[in-house]
Number of protein chains: 2
Amino acid sequence: MATATAAQRRKQAKEAYDAFLAECPTRQLLETLSDKWMGLVLASLGHGPMRHSELARKIAGVSQKMLTQTLRTLERDGLVARTVTPTVPVRVDYELTPLGRDLAPVMVAIKTWAEAHMDEVRAARTAYDEGQPA
Amino acid sequence: MATATAAQRRKQAKEAYDAFLAECPTRQLLETLSDKWMGLVLASLGHGPMRHSELARKIAGVSQKMLTQTLRTLERDGLVARTVTPTVPVRVDYELTPLGRDLAPVMVAIKTWAEAHMDEVRAARTAYDEGQPA
DNA sequence: CTGCATCCTGACCGATACTG
DNA sequence: CAGTATCGGTCAGGATGCAG
């Protein structure tokens with residue numbers, strides 16, 4: 001039943017998080033971090049504060065909706081700080097928090113890896129597709 | 001009819017968008033690596049070869065379909081090697097290739113980060129939600 | 001045991017229009 | 001410039017059944 005299992009799960013979660021468990025909050029956080037635009041947004045902000053429109057320009061292909069949604073999630077998770085300057089045209093700046101600055105390099109590492117090994121992956125795909133006729 | 005025109009416009013836009021992405025292959029690879037189960041599969045295989053059913057058991061919550069789909073993608077990208085042993089009950093083992101072994105630590109790093117900073121993120125979420133009453 | 005095909009629901013995402 | 005709300009299409013992905 002749920003009672004015994006729930007108590008056990010709670011106790012375990014308090015002592016050590018394990019993303020392999022479906023109910024563990026870490027799983028949810030991992031999925032959030034794996035979101036399509038998270039890496040690019042974090043990598044962009046890693047160079048310094050940026051405005052909403054600057055991010056939209058830098059990250060080609062992202063819609064205004066997705067960008068706002070991603071930034072909201074990052075803000076809620078304490079990875080990004082949102083600063084509103086109430087001038088006449090409202091100005092909003094996004095900046096990494098200390099927590100975000102700690103995560104950013106890890107996300108950048110994946111991006112860097114992808115760039116470094118693109119050729120090998122491409123070659124593997126070509127070989128695979130040739131061996132698997134449609 | 002209006003539907004045909006709308007569909008055509010949509011199709012044209014989609015093709016143009018895909019053509020644009022073709023110039024930036026890194027983006028596509030990054031999205032692939034950011035897929036929901038990629039991190040957990042790579043992290044699991046980082047400890048050694050595993051069978052299909054073993055992976056399904058270890059990664060709680062993944063469906064058979066998604067697991068196979070993820071493994072096929074990894075195999076196509078040359079990150080995972082698939083070995084079929086034609087015994088009577090067919091045995092299939094998945095193992096990281098050298099390329100996969102190079103990537104795995106980076107993916108594990110994100111998982112590790114998530115597990116390490118879960119408490120801080122939780123606190124940030126609570127604070128955010130309390131400050132933003134619906 | 002492993003993998004593939006089919007069906008079907010609902011979540012995601014882009015486009016658009018409107019507020020401040 | 002920044003953000004929200006709504007609508008509609010697309011497709012991811014879960015469940016099931018069958019094949020090797």
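Only heavy atoms go into these numbers, but all of them, side chains included; no hydrogens, no water, no symmetry mates. Just so we're on the same page: letters track the sequence lines, and every chain starts at 1. Everything numeric in this text was worked out from a predicted model, so none of it was measured.
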Its contact letters, B for base, S for sugar-phosphate only and - for none at protein heavy atoms under 4.0 Å, make nucleotides 2-11 of chain C read SBB-B-----

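- At a threshold of 4.0 Å, the pair B:R57-B:E54 does not count as salt-bridged, since none of the basic side-chain nitrogens sits closer than that to a carboxylate oxygen.
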If you look only at distance, which donor and acceptor atoms sit under 3.5 Å apart when one is on a side chain in residues 86-107 of chain A and the other is two or more places apart or in another chain?
residue : atom : partner : partner atom : Å
A:T87   : OG1  : A:P89   : O            : 2.7
A:R91   : NE   : A:D93   : OD2          : 2.9
A:T97   : OG1  : A:G78   : O            : 2.7
A:T97   : OG1  : A:L79   : O            : 3.2
A:T97   : OG1  : A:L99   : N            : 3.4
A:T97   : OG1  : A:G100  : N            : 3.1
A:R101  : NH1  : A:L96   : O            : 2.9
A:D102  : OD2  : B:W113  : NE1          : 2.8
A:D102  : OD2  : B:H117  : NE2          : 3.0

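- A donor-acceptor contact closer than 3.5 angstrom links the side chains of A:T68 and A:Q64.
- For A:E31, there are no salt bridge (charged side-chain N to carboxylate O under 4.0 Å, His left out) partners two or more places apart in sequence or in a different chain.
- In this structure, the CG atom of B:L67 is 17 Å from the P atom of D:dA12, given to the nearest Å.
- For the segment residues 37-45 of chain B, the set of residues with a heavy atom within less than 4.0 Å of an atom of DNA chain D is empty.
- Interatomic distance, CZ of A:F20 versus CZ of A:R27, reported as 8.5 Å (0.5 Å rounding).
- Put simply, CG on A:D93 is 14 Å from P on D:dC1, counting in whole angstrom units.
- Here the side chains of B:M38 and A:S34 are not in contact, with every heavy-atom distance at 4.5 Å or above.
- Atom NZ in A:K36 sits about 12 Å away from atom C1' in D:dT10, given to the nearest Å.
- Axis deviation across the helix from C:dC1-D:dG20 to C:dG20-D:dC1 amounts to 40°, comparing end segments of five pairs, rounded to 10 degrees.
- Once rounded to the nearest 0.5 Å, the distance linking OG1 of A:T70 with CG of A:L74 reads 6.5 Å.
- The separation between B:E31 atom CD and C:dC12 atom P is 16 Å, rounded to whole Å.
- At least one side-chain heavy atom of A:L67 sits less than 4.5 Å from a side-chain heavy atom of A:V41.
- The salt bridge (charged side-chain N to carboxylate O under 4.0 Å, His left out) test applied to B:R76 returns A:D129, not counting sequence neighbours.
- Remark: the backbone N or O of A:A19 is paired with a side-chain donor or acceptor of B:E115 at under 3.5 angstrom.
- When rounded to the nearest whole Å, the span between CE of B:M66 and P of D:dA15 equals 11 Å.
- The CD atom of A:Q69 sits 12.0 Å away from the NZ atom of A:K36 when rounded to the nearest 0.5 Å.
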